[in-house]
Each structure stands twice: as C-alpha cells, then as structure tokens.
Amino acid sequence: MHKTYEPQAIEETHYKRWEAAGYFAAGSGDDGFCIVIPPPNVTGTLHMGHAFQDTIMDTLTRYHRMRGVPTLWQPGTDHAGIATQMVVERQLNGEGKTRHDLGRDAFVDRVWDWKRTSGGRISDQLRRLGASVDWSRDRFTMDEGLSEVVRDVFIRLHDEGLIYRGKRLVNWDPVLRTALSDLEVLSEDESGHLWHFQYPLTDGSRTLTVATTRPETMLGDTAVAVHPDDERYQHLIGQTIKLPIVGREIPIIADDYVDPEFGTGCVKITPAHDFNDYEIGQRHDLDQINVLTDDAHIVSDMPEPFAGLDRFEARKRVVQTFESLGLLERIDDHTLKVPRGDRSGSVVEPYLTDQWYVRVGPLAEPAIAAVEEGRIRFVPENWSKTYFNWMNNLQDWCISRQLWWGHRIPAWYDDAGGIYVGRDEADVRQKHALADDVALRQDDDVLDTWFSSALWPFSTLGWPEQTAELKTFYPTTVLVTGFDIIFFWVARMIMMGMKFAGDVPFREVYIHGLIRDQDGQKMSKSKGNVLDPIDLIDGIELEDLVEKRTTGLMQPHLAPKIEKATRRQFPDGIPEYGTDALRFTFASLATNGRDIRFDLGRIEGYRNFCNKLWNASRFVLQATEGVDLDIAEASAGSLPERWIQSRLTQMVTEVDRQFARYRLDLAAQAMYEFTWYEFCDWFVELAKSTLYDDSAASPTKASMARTALETLDALLRALHPTMPFVTEEIGLKVAERLSLSRETLCTAPWPEAGTSDSEAEQDMTWLQGVIGGVRQIRGEMDIAPGKPVPVLLADANDEDGRRVEALEPLLSRLANLESLELVATSPEACAVALHDNLKLCVPMAGLIDVEKERDRLRKLLDKTSQDLAKTAGKLSNASFVERAPEAVVAEERRRAAEHQSTLERLESQLAEIEALAR
RNA sequence: GGGCGAUUAGCUCAGGGGUAGAGCGCCACGUUGACAUCGUGGAGGUCGGUGGUUCGAAACCACCAUCGCCCACCA
C-alpha cells in the first residue's frame, strides 16, 4: 500500500468491476428497498445538488443492500421538454437557423441526436460518484415503454373526465410561444409605473380616472368597475364610457372585487389579459377582446398605429396618445410583481387559448389523505405543511405545451371540431366508429414534462404490467429530493401513484437542503460560483477553473468579476479530494433539511479522514503480516480487544439508529469518532504493545491480530455505504488476510451490533484517565514527549492496584513512563493530576518548574471551586432537593462530594507547592 | 397578506429540561517503526433580545429584533 491515500488510483477500476459483476442489479423477494432517482435533465450535467442527493440515495441504498434486503436504485433521465428544446434551439440559432427552418420531424430528430450524445455524460458522472444504480434498468421518460404509459394514463384520465380541453386564460410565454403551468411562472418585485388615465363618460358629463400598470391592454377593455357600495360612483353604475383610442362604448359595472381604498377606486377591466378581470368578465358576461398575438404584438385589427406593435412599444404609444388627448392624469412610480417564465425569463402574458387541463380536485383528495393518515411521511415532518398548503389550494393543471419536444398529446380533431382521444389514429377511428374518409389531424401539442415525471415511480417498474419489480418495490421506500419540487413533482407523483398504481408511490419523502456556496449564495453560472463535483473529486488547475466559469456566460460582461473572485478564492486551484471524501462531506452535511454552505475546509478534513483510515489499515495489515491467526487463544482477549469490540458494537448501533431517521450527518459523525478517536488513537496504539512485541506469546499476538483485522473489517463495512471506494480497496485486502472469500463489500453483510462489555469500558476509561493525567502534566510542564517520566500513584484502592498490575505495560507505553510505583503518600515535590480517588504524581527532580505547577494548580483549583459552588448552590436550594427527581439530586450530591474531595486535595497540594516556591 | 425556517466558539454547524459539543482555524511542544493529509497538550461561548412556565431554560411558551425562503389575483 502507498504511504498516502491516492483516490484516483483506486476509484475507477472498482466501479467498472462492480458494474460488470452486477452487484447493483435489482434484488428479488418481498419487502424490497427501493429509491427511484429524481431523473435529471438528460441534456444537463450533474451539479453539486445532484451529487449531494445522489450521495444520500446511494448511501441508503448500499446500507440496505448490505443488510440483505432486496434493493433497487432505479436510474433514469428526464426529457425536460422546454429546457432541452431551448438548448437545441440555441445550437440552431448559432448556425443561423430556427427550428421552423428544419420543420417538426427534423427538429425532433435533431433533439434525439443531442440526447444520445449528452445523456452519457450524466451516466459517467453518476459512475464517478459511485452510484450503485441498476444500469440494466436505466430509463428515459421518452423511451418507448414510458411513452406508452404516458399515453395510456392520458387516455384513462380523459375517459374518466379528469382531463378536459378548455379555452381560458393561461400563462403564456410569448418568447417560447407556449402555455405554462402556474408553477412555471415566477413573480418578482420590479419597479414600474402606475399610469392614471381619464376615461370620459359617453354622455360627456365627466371622466373617470382609472389606474393601470398595463396601459396597452386598454385596447381590450370591456368595462370599468367600481365597488357597489362606493358612494362616489354609485350613481354612475350602468352608465357607459366611451373608450379612448378605440371608441368602444363600455359599461360601468359594480363588483366587490374592487378595493375602494386603492387608487381612485375605479378599475379598467380587460377580461382577455388579466386573471382577475377574466373572472369579473365571467360574472358580468363581458366580451373578451384579445389584443395580442402569440408573440405579444398588438393584433392587426386594432387601430393604427397600434396594430403590429410590440407590447412594450404599444405601451409607450398608448401613454403618448392619452397625453396628447389630455387624458393622462399622472404617472406614479410603482413596484409590482412581474410574472416571468422560469425558463425564458420573458414577461408572461395571461392569454386566451385552448389548452388541456387535468381536473386535480378528485386526484388531490386521496393524495391529501395519504399524508394526513401517515401512509406517506415527510422527513423533516414540517414539510407536510407546505404540501397541505398547496394541495388545498389547487388549480386545474394546464398540461399542454406548444412545443415540439415531448409526448405528443394523443388527441385527434376532425374538420367539424370533434375531438377524439385514443392510442393512435386507428384506435380513435375504431373507438368512435369514424369512417375512413373523415379527415383526422393529431393535436400538435405535447405534454408538460412533469406529466410523465408524475408517473415515474411506477412507470419505471413496468406498470401497467404486474411485474415482479412492481411487486417487490412498489410502493418505493423513500423519495429523496429538494423542497423546490414538492409541488412540481412530489405532489403529482402522489396523486398519480394513488390513482393508477393503487397505492402511495413512496412511504417517506426525505427533503434535503439546498447546496449553496461558502457565502450562502445559491450556486449559478451567472454568479460564477458554481462548483463541479467532478472538479472536487479530480481537482482542477486555477486557469482551467477560471476558463470554465467564464465561458458560455449569458452575460459576458460579468466575466472579469467572476475571474477575480475565483482567483481570490482558489489561488491554487482545487486539489484532488477524491469521491469518498466528497461523499463523506455530503453525508456530514446532511442535517435536517436546512440549506448547506459548502466549505472547502470541510472536504479537506474528510480527505484527511480517508488518509487516516488508509494508514491505520496499512498499520493493521503490516503489523499482522505473517501472524498465524489460527492459533489465537479462544479467550475473550486482552482489554484493548474487548474494549474496541464493545465500542464497535455501540458505534454500529448508533449508525443503525441514525440511518433509520435519515440523519446521515450523525451516522457519519459516529463513524468518524469511532475511527479516529477510538480505533486509531487508542486501539492501534495499544495493539502495538502486543503486535510489535517479538517475545509475545504467539496465541496472544494472534488474538490481537485477529481482533485488529476483524474490527477493521467491520469498520470498513460500516463505512462502505458512505465511502465505497477506499473501503473496498482496503476491505478486500483485509478479507483476504482473514481468509474470507469475499469479492466485494457492496454485498458484504452489514456489521452486526453485538453486546457491549461494560467492565472493559470501565477499565479502559481508567487507563485513559491515568494516561491523560500524565500527558496533561507533560504538556503543561513542557516535558519533552520523548523523555520518559517516573510516576507515583498515591491513594490507590484495591481496584487501582489490580488495574496497575494488569495494565502497567500499556500505561507505560502510551504515557511513556520511566517507572510506575504505588506509594502510600506522595512526596511534596511533585506535579499532580487527580483521577477519581487516584493521585498521580510526577516528582519534581529536574522535571517540574515549581511556579508553573503552582499556577497550574491554582487554575485547576479555581475551576473546581466554581464547579463546587454551582452544585452546592443547587443542593442548598430546598425546592430543588424536594422537587427534582431523586436520581438527579443523588447525582448532584455525588458531584458535590467529588468536587469537595478534589478541592481539598488540590488545596493541600497547592500548599505544599507554595511552600516550595518560597 | 399568509406560512415556514434560522440566530450556539473566529468560521461552518450538531445538540437539546439536569456541569455547553464537533470539524476547520488559533497557540505551545513534537519527525517514537500507520499517518506531518500526523501526534500530545491548550486557549476560546451570558447558546440574538425581553418576559413567562419550572426546583432547574441554551432547550418549552409568548413577544421583539435581524436574516432567509415559500405561497398569494390588489388595478
């Protein structure tokens, strides 16, 4: 083995072997453990969020696999309609073409080409992360089987009246020229204006002032509304306005939507371009006059010069016109929510179109009940509130998109406006008994990407066939995802799963936090703060990192700033940390749901941890080389052996407990602490006494060697789900030494928690305490670590005597003692450390500085009297003694006595030292 | 306008009615045959504020402050 841990040397070969051997293939049997991967966008790359999420899923999957449960981590990718189409369109634009130049079929072919070249990147990245997915089951949301499921589900929902086609206002992205669901629209505060227009009454008696943030929509106004109780305007209700520019007569109506306190209390009503106005229009049976084309220009039948103008240009012209008419009252600055498409960033228009909708009410009910009744549990629990909040206020889901890339809607139209839904044209003709000469045309639109994603947990398992996988793995065990897609995805999977697969899609939803940069900023290309998980694994030179962060920016002018920040933060680039260190870091950061600042110091620490494990293993392998394990004595073994086994057991118990509650951070902590502070710091050091002792009786040595190897083996298995590569590399060597026929840790048994050995733990605590006392004196008295010191033990009881006798060699070695002697009374000239009743003394003779020791004792004394005061205070409080639980009071009494005794002993010691200092 | 979360050591974060924890950083000493990506010792905190509940509060409750996020149709 190399002296230092070198991740690159070991990672890739193991993964290839694992995959080839089929260790990750879906298991079979009852009660499987299953996670479906949230399918990443097929044309994207994995970012830190994915890597974090994948680490969590892989760790859980590997853990259950080792526990012998039939296991499946189902992989796959998503066609990501809009996102993917945009990427390919951008490529085309680079060639000076648009998708319309190619036509639908050629364009879709081109996207498929791109999918094929790009999809492999994600698979490669997942492999680098060590993801133990079953590659043989890899799926794509638009592959043949899943497309069929999508189509069948659509048909069934339609047949049951849960999907319908309707003309109403939708969120329209005029750049992408498609409808969007409510969720795909993000509203942010932006500064704008509130224009006050005067609308003259038809009879010319007066004007009414309306305020608007959308002047151009006035071309489509069909009413002015006031509040029914508003005394200022009550007498005008029913009269008409002569709408400027267009000259249309529109009524003044009363509707209690209007807030009399806001603005003038008069609202212009444009039913075709505003969601509220649309509803008012419905209530008052108003015309819906559309004034915009699908790319947000003014329609041609509007008056000159407005017809054909872009919406923002039209806005200016409308304002100018009102001004020239003397009807512009004033312009106020105004902050408003501007709705933008989450992909294009363009301002979304409420737009009157025919679209397909899912009637979600009937689907939502059982989905709400499933969470209420605990058949699905959110972890952390409070996310269920977010879920309920949304589910109880659901609008019908607009599922049609005017795109080319996606699942084509299985609906056909005849020339008379009839709509037929079916598997294909032939099916439709048969189902509806349509004659061959009736011309049918398929709907041009595709489905919202999330429609197919909603089916993912059962479509990937083979539904509607009753496959073995469906039986073993559905409902899946846990969904691991971010809170940002609870609405987009989680809620819809629950609705669809219950509707079609007949049960909840997963029993638990583990919601993890968002990975942010070291300053708490969201990572994004435009901020230039993105970290690529692969760069943390392999390392990257500064120049390459700068290059990566500054090319392909949407706003190239940000490049210098990004470059500067990058050079400042990573003056030497990023070193190679390896996959295991990255994974362990993610696990350690996986606390309950809160956002995570990713800090390089952390990953460096865990890289060091890998190295520590590596070297401890190196020691164990070296020191046990050539030892005949078979002659190990049958007894329970020496104290260090009994102790480390006891600690191992407790560590495994703790890890089991924490994995069960998805606290990967606490599991990681337990493993880290056991590995470093118990196995390395104590067991390895203690084992040296035996393993390096040439004169040691062979059975004793063999026993120690066996314990060292077996403990290490169990430790490696425990760490394997979190750090698969380094543990595999070492674990196979250890297994070989133990003569275990084991090809991999992937399917090795998870370590069993045995029983703990409290006697061994108590003895060990004593040993650690005594060694600690000596080291403390050594450290604070500046005694060179290499210099052996004599130690006298005073006030020893029988138990101490027994322990000294049994453990003297270990004690001497670890504390580096020159001698160890039990004495009746300690000499006055010594430095002292107390451990329980025991008084450890290091005689002065040339070693101890009297004044230093005096200061040290004073400090200790100070601390002890503070502690004593605290406990004494409690005990002198009558109501504490009276009301606190007996055990607490007893503990407090014990403590007080201990402090008292310590205090007295320190005082007398101090007195002696002070006498010497004089 | 509703809802949620955060505030603990210099930094990043666990914890949780009974003596304040970890990693990193910091200080001192140290190349003993696993490891300087290391070892030993050490310093460092009124647990955001104010009230309340309690024998006891950093923890539970109320209010406040600051920061962050989500949802919502005010022209």
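Letters A, B, ... are given to chains in the order of the sequence lines, protein chains preceding strands, and every chain is numbered from 1. Since this is a predicted model, take the numbers as computed values, not measurements. Side-chain atoms are counted along with the backbone in the values below, which use heavy atoms only and exclude waters and symmetry mates.
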Base, sugar-phosphate or nothing for [X]? Non-hydrogen atoms, less than 4.0 Å.
X	answer
A/Cys610	nothing
A/Arg856	nothing
A/Ile486	nothing
A/Glu882	nothing
A/Glu685	base

RNA chain B base-pair string [pairs: Watson-Crick or G-U under 3.5 Å; |: paired with another strand]: (((((((..((((....[..)))).(((((.......))))).....(((((..]....))))))))))))....
Residues which pass side chain to side chain donor-acceptor pair (under 3.5 Å) with [X], listed by chain and number, not counting sequence neighbours:
X	answer
A/Thr386	none
A/Asp396	A/Tyr164
A/Arg813	none
A/Glu678	A/Arg647

Using the [atom1] atom as the reference point in each nucleotide, state the distance between [N] and [M] in Å, no decimals.
N	M	atom1	answer
B/G49	B/U8	C1'	15 Å
B/G16	B/C74	C1'	44 Å
B/G51	B/A65	C1'	15 Å
B/A58	B/G33	C1'	48 Å
B/U32	B/G39	P	14 Å
B/G48	B/A59	C1'	15 Å
B/C63	B/G2	P	13 Å
B/C26	B/G44	C1'	9 Å

Side-chain H-bond candidate by donor/acceptor type, A/Ser181 with A/Glu184, under 3.5 Å: yes
A/Arg602 and A/Ser588: side chain donor to acceptor below 3.5 Å: no
Heavy-atom closest pair, residues A/Arg214 and A/His273: NH1-O, 4.5 Å
hbond_proxy A/Arg607 side chain to B/U37 base (donor-acceptor, 3.5 Å cutoff): yes
Donor/acceptor link under 3.5 angstrom from A/Lys385 side chain onto base of B/C4: no
Qualifying salt bridge (charged side-chain N to carboxylate O under 4.0 Å, His left out) pairs, either residue in residues 259-271 of chain A, two or more places apart: A/Asp221-A/Lys268
All pairs passing salt bridge (charged side-chain N to carboxylate O under 4.0 Å, His left out) where residues 856-872 of chain A contributes a residue, at least two apart: A/Glu853-A/Arg856, A/Arg858-A/Glu914, A/Lys863-A/Asp867
Distance, rounded to the nearest Å, where A/Phe388 contributes CZ and B/C4 contributes C1': 15 Å
Under-4.0 Å side-chain N/O to phosphate OP1/OP2 contact, A/Lys688 with B/U32: no
Letter per nucleotide, 5' to 3', of nucleotides 16-28 of chain B [B base touched, S only sugar-phosphate touched, - untouched; heavy atoms, 4.0 Å]: --BBS-SS-----
B/S/- contact track for nucleotides 65-75 of chain B, protein heavy atom under 4.0 Å: ------SBBBB
Test side chain to side chain contact (heavy atoms under 4.5 Å, CB included) applied to A/His227 - qualifying residues, sequence neighbours left out: A/Asp229, A/Asp230, A/Asp256, A/Val258, A/Pro260
Any residue meeting ring pair (Phe, Tyr, Trp, His ring centres under 6.0 Å) with A/His899, in chain and number order, not counting sequence neighbours: none
A/Phe52: partners by ring pair (Phe, Tyr, Trp, His ring centres under 6.0 Å), with sequence neighbours left out: A/His512, A/Phe586
